[in-house]
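All chains are named by letter (A, B, ...) in the order of the sequence lines, taking the proteins before the strands, and each is independently numbered beginning at 1.
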There are 2 protein chains.
Amino acid sequence: MQKEYNLSKNQKIIFDLIDKSGGPMKAYSILFNVQKKGIKAPLQVYRALDKLVEIGKIHKIESRNAFIACQNSSCQISKATAFSICESCENVSEISNSKLSKYLSNFSDNSGMKYSKYNLEFFGLCKKCKSK
Amino acid sequence: MQKEYNLSKNQKIIFDLIDKSGGPMKAYSILFNVQKKGIKAPLQVYRALDKLVEIGKIHKIESRNAFIACQNSSCQISKATAFSICESCENVSEISNSKLSKYLSNFSDNSGMKYSKYNLEFFGLCKKCKSK
DNA sequence: AACGTTATGTAATAATATAACATTTATAAG
DNA sequence: CTTATAAATGTTATATTATTACATAACGTT
Ligand SMILES: [Zn+2]
Ligand SMILES: [Zn+2]
Ligand SMILES: [Zn+2]
Ligand SMILES: [Zn+2]
């Protein structure tokens, strides 16, 4: 069960926007889109993004400097994330594959390092773009 | 066998710097360090970095906006990369684990997408930082 | 009410990355 | 050697992404 976190005003505005967009959004595009709602400064956006990432409502797509709503209802915190990214149309989707996440969560090597978090990004061509 | 690519002047200066540093370096830190060698503008650095990434001599650590020399002699192109990152001291090392790379290179799901590339970043605490 | 914590507002600035254009150097073919 | 082509360089300006610093307000608990 996902704990219902009580989002603040700015957090809610920004989460709703990203969620409705259905894809990754960049910080300044978010800013542009919420200015009519009174959010005027980059920092207001980044603060809300930070919190939303922290509680797992959104994830950052590191290779794109963009943020996407969690598509996996069980992601409470952003600690084990995997995405597929189309290099042509830039479509992004969150991969939720229990075998993959088990494999990676249990991964260890001989470095003596304990891994508590990972982020994986796959790149390629989506179905649509392949057939062009 | 790794093809010996003939690096240009700027590419060589920048690769040598990153390689000698032994860890990840940021673009503007690189710029600062090569100014005495006549490389004066960000674009000169970014162009060399782009090429070095393309041919696999360095990789970009996406979550840190930093670049590290390839520690795995067989990485001809940056198409299958995995790193471990200490969240305390920011030490980064390239993971070369053939099981892991096989598993990820062969990964496929029912999305219909063909993956040609991936990047994986593990986060945690390194041996040293754990024992503090 | 008093307190500590979280969120907000605002301005300025830092850090990261690319666009546009002119020129030079390297590579390969004829 | 000459011409053509691609790759690399130099330079200026600018775009994009993200944080610092400081002041104020709202929220949750006792
Ligand atoms: Zn998720
Ligand atoms: Zn596509
Ligand atoms: Zn490598
Ligand atoms: Zn460490």
Does [X] have a side-chain nitrogen or oxygen under 4.0 Å from the phosphate oxygens OP1 or OP2 of [N]?
{"X": "A/Asn65", "N": "D/dA18", "value": "yes"}
{"X": "A/Asn10", "N": "C/dG9", "value": "yes"}
{"X": "A/Lys9", "N": "C/dA7", "value": "no"}
{"X": "B/Ser8", "N": "D/dA7", "value": "no"}

Query raised in the report: Which residue pairs pass the salt bridge (charged side-chain N to carboxylate O under 4.0 Å, His left out) test when at least one of the two sits in residues 99-124 of chain A, sequence neighbours left out?
Result: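 Non-adjacent pairs meeting salt bridge (charged side-chain N to carboxylate O under 4.0 Å, His left out): A/Lys117-B/Glu87.
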Query raised in the report: Which pairs count as salt bridge (charged side-chain N to carboxylate O under 4.0 Å, His left out) when at least one residue sits in residues 11-35 of chain B, sequence neighbours excluded?
Result: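 As it turns out, the salt bridge (charged side-chain N to carboxylate O under 4.0 Å, His left out) pairs with a partner in residues 11-35 of chain B, which skip direct neighbours, are B/Lys12-B/Asp16.
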Just the rounded figure in Å: distance from [atom2] of [N] to [atom1] of [X].
{"X": "A/Lys60", "N": "D/dT16", "atom1": "NZ", "atom2": "C1'", "result": "12 Å"}
{"X": "B/Arg64", "N": "C/dT16", "atom1": "CZ", "atom2": "P", "result": "13 Å"}
{"X": "B/Leu7", "N": "D/dA8", "atom1": "CG", "atom2": "C1'", "result": "12 Å"}
{"X": "B/Lys51", "N": "D/dT9", "atom1": "NZ", "atom2": "P", "result": "10 Å"}
{"X": "A/Leu52", "N": "C/dA7", "atom1": "CG", "atom2": "C1'", "result": "13 Å"}
{"X": "A/Asp50", "N": "D/dT20", "atom1": "CG", "atom2": "C1'", "result": "14 Å"}

Report task. Using five base pairs at each end, measure the axis-to-axis angle across the helix from C/dA1-D/dT30 to C/dG30-D/dC1 and round it to 10 degrees. Result ->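 The angle, to the nearest 10 degrees, is 50°.
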Between the protein and nucleotides 26-30 of chain D, which nitrogen or oxygen pairs come in under 3.5 angstrom?
none

**Report entry** A/Lys40, NZ: over 12 other non-hydrogen atoms inside 6.0 angstrom
**Finding:**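 Counting other residues, nucleotides and ligands, NZ of A/Lys40 stays at 12 neighbours or fewer.
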**Report entry** Those residues of residues 40-47 of chain B lying under 4.0 Å from DNA chain D by at least one heavy atom
**Finding:**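 Output list: B/Lys40, B/Ala41, B/Leu43, B/Gln44, B/Arg47.
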Less than 4.5 Å apart, side chain to side chain, heavy atoms only: is that true for [X] and [Y]?
{"X": "A/Lys60", "Y": "A/Asn119", "value": "no"}
{"X": "A/Ser63", "Y": "A/Phe123", "value": "yes"}
{"X": "A/Ile68", "Y": "A/Ile58", "value": "no"}
{"X": "B/Pro24", "Y": "B/Phe67", "value": "no"}

Report task. Under the side-chain hydrogen bond (donor to acceptor under 3.5 Å, both in side chains) rule, collect the residues that match up with B/Ser101, sequence neighbours excluded. Result ->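 Listed in chain order: nothing, the list is empty.
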Can you name the residues that form a side chain to side chain contact (heavy atoms under 4.5 Å, CB included) with [X], not counting sequence neighbours?
{"X": "A/Lys128", "answer": "A/Cys126"}
{"X": "B/Glu94", "answer": "B/His59, B/Cys70, B/Gln71, B/Asn72, B/Cys75, B/Phe83"}
{"X": "A/Glu90", "answer": "A/Arg64, A/Ile85"}

**Report entry** Connected-component partners of B/Leu43 among ILVMFWY, side-chain separation under 4.5 Å
**Finding:**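 Besides B/Leu43, the hydrophobic cluster comprises nothing; the residue is isolated.
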**Report entry** Linked hydrophobic residues, A/Leu104 as query - side chain contacts closer than 4.5 Å
**Finding:**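 Members besides A/Leu104, by chain and number: A/Ile95, A/Leu100, A/Tyr103, A/Phe107, A/Met113, A/Tyr115, A/Tyr118, A/Leu120, A/Phe122, B/Ile95, B/Leu100, B/Tyr103, B/Leu104, B/Phe107, B/Met113, B/Tyr115, B/Tyr118, B/Leu120, B/Phe122.
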Query raised in the report: Of the residues in residues 18-32 of chain B, which ones touch DNA chain C at a heavy-atom distance under 4.0 Å?
Result: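 Residues of residues 18-32 of chain B under 4.0 Å from DNA chain C: B/Lys26, B/Tyr28.
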